[in-house]
Q: 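Dropping the structure in here first, questions after.
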Amino acid sequence: MTDRDARYRRKLLVLLSSATFFEGYDNYVLAFVLALVLGGLGASEADAGWIRGITALGAAAAFFLAGQADRIGRRRLLLITIVGYTAATALTALSPGLWWLTVAQFGAQVFIGAEWAVAITIVVEEFPREHRGKTLGIVASMNTLGGIFVGILAFLGLQDTALGWRAFFLVGLIPLALIAWGRRSMLETERYVAVRDDERGVHLDHTSMLEPWKPAFRTTVLAVGLVTFFRYFVISSGAFWWAYYAQQEIGMSVATSGLYLAAAGLAGATGFLVAGRLMDRFGRKPIFEVYMAGALVFGVWTFQTTNTGAELPALCLAIFFGLGSVSMTSAFATEPFPTYVRSRAAAWCRNAFEIVGGVLGALVVGILGDHVTGRVGSIGDAMALITIAMLPAAMIVCWRFVPETNAEDMVAMDEAVRS
């Protein structure tokens, strides 16, 4: 039995999936209890946009931490991010006021943003080429299952306990249990070790964050970065504002919207898994185009209907296509780049482009959709507007400028840059 047999990869998949599960949980939980937080801490809808904008900047700041995986290794960085995320989540639960909560969530996003980037890098480097898409789909699907867990807890009435919204953040302390298991069972990736120990690669720069902008990589970094920016501008805004829209503009209760979110999350998890298999068979780019078209149609429907019966299928399909598309963008951000620069390239594509899109998207929707001061005056209408503006741009840039990476050979790529 080798160190990297099927049994080891199954255990590794569990650890990586657990990490992305809580990344999804953290991204959903603040959005879901937003109305309770605003009421408890005394803030407005416009304040909520700024809260989201500032905390999401933490994921952009994670750019610097995520890039360190090329220097200190994938395994070590993953464990660091899990500990940091757990500590920041504990501080969120203890927040006495709005600014404490904002700063604590900023810190949580720094660690969780880097955690996602390194988890995807590990998948690309440790799993066989013919299974990479499927594995990316599984790991990415756990992000949505984290959101489902939030909905289930709300449906069970966790918000009605003495701790109120703070109880949701205390659940985030669970990742500490992963550390003991992860330390003993997880190995550094084979590709990282091979490149680090190969004397032919001594001329390669493993530290500069500007290395991905060398002429050999520049066009791909820019193209993938823009695709992820346009996509996440919409997807992150929808994830952040949906529960508030459902509760305030449709009139759902917290419990009912939690049940809807849980049901839609199951559809979303299916979207990841289906995407993973399809992109292994047909390629990353064609499936991304299909998913973006679905996200455009059903995303607008989700934020334009006020019928509670129609809202559930619309939400399910919007999440299926919208969130499921991250399987492809994760591949775009990692597979085209050699091992020595892969984490830094992924950090640029995700943390420096994608997360900035999420920051701006949530902020723009909050400002435009504020019922008192907004120029649009409706969260639903503001969401529909940005969806129509941004998703076609992502489709065009992807089709014209992003390389197809379905059959990318990691070993051959590394050999090419070392020669």
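All values below were derived from every heavy atom in this structure, side-chain atoms included, with hydrogens, water molecules and symmetry-related copies excluded.
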Q: Distance alone, cut at 3.5 Å: any donor-acceptor contact between the side chains of T189 and E126?
A: no
Q: Do any N or O atoms from the side chain of Q68 and from the backbone of F64 form a donor-acceptor pair under 3.5 angstrom?
A: yes
Q: Taking T305 for the side chain and W301 for the main chain, is one N or O donor matched with an acceptor at less than 3.5 Å?
A: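 No; zero donor-acceptor contacts below 3.5 Å.
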Q: E125 and side chain to side chain contact (heavy atoms under 4.5 Å, CB included): which partner among E190, R132, R342?
A: R342
Q: Donor-acceptor check, side chain of T302 to backbone of A314, threshold 3.5 angstrom: yes or no?
A: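 At least one qualifying donor-acceptor pair exists.
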Q: Please find out if less than 6.0 Å separates the ring center of Y291 from that of F320.
A: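 They qualify: ring centres under 6.0 Å apart.
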Q: Describe, in one word, how the ring planes of F321 and F298 are oriented to each other, choosing from parallel (under 30°), tilted (30 to 60°) and perpendicular (over 60°).
A: parallel
Q: Can you tell me if N406 uses its side chain to pair, donor with acceptor, with the backbone of D280 under 3.5 Å?
A: yes
Q: Using the ring of each side chain (for Trp, its six-membered ring), is F288 parallel, tilted or perpendicular to F332, with breaks at 30° and 60°?
A: perpendicular
Q: Taking the six-membered ring for Trp, are W242 and Y245 closer than 6.0 Å centroid to centroid?
A: no
Q: Please test Q247 against S257 for side chain to side chain donor-acceptor pair (under 3.5 Å), starting from the C-alpha separation and ending with a verdict.
A: CA-CA 7 Å; Q247 294 162 17; S257 58; 3.1 Å; yes
Q: Does the separation of the ring centres of Y340 and Y192 fall below 6.0 angstrom?
A: no
Q: Give a yes or no answer on whether the side chain of R284 reaches the backbone of M279 with a donor-acceptor pair at less than 3.5 Å.
A: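 Judged by distance alone, yes, a pair lies under 3.5 Å.
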Q: Verify, without hydrogens or angle tests, whether Y8 (side chain) and L187 (backbone) share a donor-acceptor contact under 3.5 angstrom.
A: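 Yes: the side chain of Y8 pairs with the backbone of L187.
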Q: If we ignore angles and hydrogens, is there a donor and acceptor under 3.5 Å between the side chains of S325 and R231?
A: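 Judged by distance alone, the side chains do pair up.
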Q: So, the side chain of T20 versus the backbone of V139: is there a donor-acceptor pair under 3.5 Å, distance only?
A: yes
Q: Would you call R344 and D70 a salt bridge, taking side-chain N to carboxylate O under 4.0 Å as the test?
A: yes
Q: If we ignore hydrogens and angles and just use 3.5 Å, is the side chain of W241 paired with the main-chain N or O of G380 as donor and acceptor?
A: no
